[in-house]
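See structure below.
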Protein chains: 4
Amino acid sequence: MEKVLEKVENRPGRPRCLDARRAILEATWEILGGAGGFADLTMEGIAERAGVGKTTVYRWWPNKASVAAEAFFTRIEPKVRFPDTGSLREDIRLQMKELCKVLTSRNGRVLRALLGGGQSDPELIEAFRSQWMEPRRVKGREILSKAVRSGEMRPDIDLDLALDALYGPIYLRFHVKHLPLDDLFVDQLCDSVFEGLLAKTSARPRSRAH
Amino acid sequence: MEKVLEKVENRPGRPRCLDARRAILEATWEILGGAGGFADLTMEGIAERAGVGKTTVYRWWPNKASVAAEAFFTRIEPKVRFPDTGSLREDIRLQMKELCKVLTSRNGRVLRALLGGGQSDPELIEAFRSQWMEPRRVKGREILSKAVRSGEMRPDIDLDLALDALYGPIYLRFHVKHLPLDDLFVDQLCDSVFEGLLAKTSARPRSRAH
Amino acid sequence: MEKVLEKVENRPGRPRCLDARRAILEATWEILGGAGGFADLTMEGIAERAGVGKTTVYRWWPNKASVAAEAFFTRIEPKVRFPDTGSLREDIRLQMKELCKVLTSRNGRVLRALLGGGQSDPELIEAFRSQWMEPRRVKGREILSKAVRSGEMRPDIDLDLALDALYGPIYLRFHVKHLPLDDLFVDQLCDSVFEGLLAKTSARPRSRAH
Amino acid sequence: MEKVLEKVENRPGRPRCLDARRAILEATWEILGGAGGFADLTMEGIAERAGVGKTTVYRWWPNKASVAAEAFFTRIEPKVRFPDTGSLREDIRLQMKELCKVLTSRNGRVLRALLGGGQSDPELIEAFRSQWMEPRRVKGREILSKAVRSGEMRPDIDLDLALDALYGPIYLRFHVKHLPLDDLFVDQLCDSVFEGLLAKTSARPRSRAH
DNA sequence: GGATAATCGAGACGGTACGTCAAGTCTTCTT
DNA sequence: AAGAAGACTTGACGTACCGTCTCGATTATCC
């Protein structure tokens, strides 16, 4: 077999073996997708499944949370993209459905495990935020701010708060209630949050498109 | 020391020692509140701190998640109650602030740890739902349904979805973003979700009281 | 089922239940005969198999060694008897074969286990000596002393030493070497010890009857 | 402290630490010599006293019997040697006294414990036979066969049977009867077994040297 | 080309906690 | 009072991983 070695700069010594790195992330991914999730993930297990010495794992990651985070986010990140339909509600709704599809898939299990581990591991939750949530937030804020400028959205609401209001219920269902995240749910959620829970006092005509 | 023994019915055998039970839950509670949270909780540690044999712990609880759940929920449950001001928005807002106070306190740490453990332990998450969330939900649904009847709230929204919309953002902040949960946040959150995110197209006068 | 109760004297309280005693000894016997021997014998196991409370076992025997000893010796003792042929060598030889038959049987396993346990339990080894070995010794000494009086055996040898010389090799084979104890072995052993190992210097006619 | 590591062949991995091995055997030896003998020997105790992880003990020995056996036999084996006086009876008698001295000493306790454990542990008794008894037997057979050739001993007796006859009584006393093993006993034993128990029919003068 | 340096695999090391088992004691109700 | 039931403390069992370490082997750069 051909070993792939890294060639970074002109440092002396044997360069890092990229095969090992890949094998470790691959093994981690597979274990995370298994029945036990993050609880079944052990450094020893990773090393063995990757056919690698334990030292090699520890050399590059300080703990299993880091490996898990990297294994997950390098693989899953590109999958969720924002559309751009011109309508705030449509953009958000489509992206929500996309997100829910990911959360419902096998990857959702891994993500759940990761988020669970994060409750007692600050680094892991930080990785979760910075590598998973923040990239989406950037795009989300962009869409919302465009909607504010176009007059579609109220200008007096903090954008992050608005995103929390939209996505919070999804995470609540996903993380705590473990309920299905289907299209109907997304539609109803969008409607409720965009329009508000209160009855309209005036007989203003509401135009809810579904 | 005086040992307190249970006297249930006329069963043969030595009755269960209530001191042991109490000591175990107490010890668990203290460990959970410590620096490491759920990660520092070990069955051995519980037994030692409670001055109890490990077997005694295992006799009554199958794993540390169960002990943790019982330790937490028997202690914290009564603390969060709903007010009844007559106004939907006020009731919810006050209760939300109450909830946020709990989540912000030392107990919040325990709860966070518990929910974390629940991601890889179905029984624990079930305990979380049934013993922590559901009792609150019952009262919440009651308030909302009253508001629907009085015309304050839109009748076309599923009550549980509405509660998800209201409380989801709190959990998102609490579990994922680890951001402060202060009164200002609650006020803004209530406003956004009750009124909706969209701009009102007509020049209808909005009466937001803050 | 009819419970058999003891009626010793006019002592107050419930009399001892003889069924329990018998069941305990029976259970002990069965466990001792199993694959693990003395190592598989536990007070808990005895109580359970006998359908008896642990307390009842502890009330009458201080430890499992005592139970084992009583279970074994009350059952096996009557089996070994000395014949009386009139000839010292014949009596001993026949009894030896009888003994070897017992040691070779399933009971031998129990006995081996018991003696093993006795190495770290003074009470057990004492029970072994007083209840198993000594009764035989009494009879053995009798036979030997008769043989001394009749001139068949040398009068200058301590009787116990003689018995050690005769039976020691059997125990050595049984306990240490775990070799078969067949009739041929007994015949050769008797011959060697009775006649001595040394060559006869004079041309004295030897009359070895086999 | 300087750690001594083994250098066997070109095997991969960290070489075995000889210090640990030595410390384990040393600790085992000390515990075996203590008040409780084999009964006080626990894997945990060995590890703790040796300043070693429990895993390290289990890595090299499957159970405490194995550790005990190795601890004992590597230390005690060289102590018992056969003399070579030219006379069969003298050689045996001196060696017997040597053996009895060992059995009587502190080491005797360990050996007794080992032999006891062996009754329910085939591997242990096998170790006892192959590492303790057989080396002596080899030399014993040699002496006896020389005695047969020189005409001092009867040629019609199996050598192993003869050795059983000579040493069996010692083990009987040591293992079962727990009686003292002094020089007088050895002298009388030798006399009885070499000369035989039977009275001499002819008036042949016996020359017993004591 | 030989020294130096970093990486790799393998696996032993001292530890911690696991979940189980049995020991022997204690407390209750029943007979 | 004896017996059953069963909860209690204690302590060892054997296993799984932890994170660290010490090897020989490999693969580069630098002199």
Side-chain angles (χ1 to χ4, degrees), chain A residues 3 5-7 9-17 19-20 41-45 47-48 50-60 62-64, chain B residues 3 5-17 19-21 41-45 47 51-60 62-64, chain C residues 3 5-6 11-17 19-20 41-45 47 51-60 62-64, chain D residues 3 5-7 9-17 19-21 41-45 47-48 50-60 62-64:
Chain A
K3 276 192 187 173
L5 298 179
E6 198 178 16
K7 178 75 171 296
E9 311 137 32
N10 279 352
R11 277 191 296 125
R14 175 175 174 174
R16 177 172 185 180
C17 172
D19 281 346
L41 190 69
T42 69
M43 289 300 243
E44 231 156 37
E48 192 191 5
V52 144
K54 248 200 303 184
T55 333
T56 305
V57 186
Y58 277 107
R59 200 189 324 273
W60 302 107
N63 49 54
K64 61 181 175 179
Chain B
K3 277 193 185 172
L5 298 178
E6 199 177 13
K7 178 75 171 298
V8 201
E9 312 136 35
N10 278 354
R11 278 193 294 120
R14 176 174 173 174
R16 178 172 183 180
C17 173
D19 281 347
R21 183 178 185 280
L41 190 68
T42 68
M43 289 299 243
E44 233 155 39
V52 143
K54 238 196 314 181
T55 338
T56 303
V57 186
Y58 278 108
R59 200 193 319 279
W60 302 107
N63 50 56
K64 60 182 175 179
Chain C
K3 276 191 185 174
L5 299 179
E6 200 178 16
R11 278 192 291 127
R14 174 175 172 175
R16 177 170 182 182
C17 173
D19 280 348
L41 190 69
T42 69
M43 288 300 242
E44 234 157 35
V52 142
K54 245 200 305 182
T55 334
T56 306
V57 186
Y58 277 108
R59 198 189 320 276
W60 303 106
N63 50 55
K64 61 182 175 179
Chain D
K3 277 194 187 172
L5 297 178
E6 200 178 14
K7 180 73 171 300
E9 311 135 35
N10 277 355
R11 277 190 295 118
R14 175 175 173 174
R16 177 172 184 179
C17 173
D19 281 347
R21 183 178 185 280
L41 191 69
T42 68
M43 289 299 244
E44 234 156 37
E48 192 190 4
V52 144
K54 238 195 317 180
T55 333
T56 304
V57 186
Y58 279 108
R59 199 189 325 274
W60 302 108
N63 50 55
K64 59 182 174 179

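All values below come from the heavy atoms of this structure, side chains included, with hydrogens, waters and symmetry mates left out. Proteins come first, then strands; the chains are lettered A, B, ... in the order of their sequence lines, and each starts at number 1. Since this is a predicted model, take the numbers as computed values, not measurements.
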Check: Please give, in whole Å, the distance from F/dG14 C1' to D/K64 NZ?
Finding: 13 Å

Check: Of D/N63 and A/Y58, whose nearest nucleotide on DNA chain F comes first from the 5' end?
Finding: D/N63

Next item on the list: Find out whether D/K54 and D/V57 are in side-chain contact, i.e. whether some heavy atom of one side chain is under 4.5 Å from a heavy atom of the other.
Entry: no

Next item on the list: Take nucleotides 5-10 of chain E nucleotide by nucleotide from the 5' end and write B, S or -, depending on whether a protein heavy atom sits under 4.0 Å from the base, only from the sugar-phosphate, or from neither.
Entry: BBBBBB

Next item on the list: To the nearest Å, give me how far apart CG (A/D19) and C1' (F/dT27) are.
Entry: 14 Å

Check: Rounded to the Å, how far apart are A/M43 CE and F/dC21 C1'?
Finding: 16 Å

Note to self: What is the separation between atom CD on D/E48 and atom P on E/dT16, rounded to the nearest whole Å?
What the structure shows: 11 Å

Item checked: Charged tip of D/R16 within 45° of D/W60 ring normal and under 6.0 Å -> yes

Notebook entry, point to check: Expressed in angstrom and rounded to an integer, what is the separation of D/E44 atom CD from E/dT20 atom C1'?
Noted result: 13 Å

Next item on the list: Calculate, to the nearest 0.5 Å, the distance between atoms CE and CG belonging to B/M43 and B/N63 respectively.
Entry: 6.5 Å

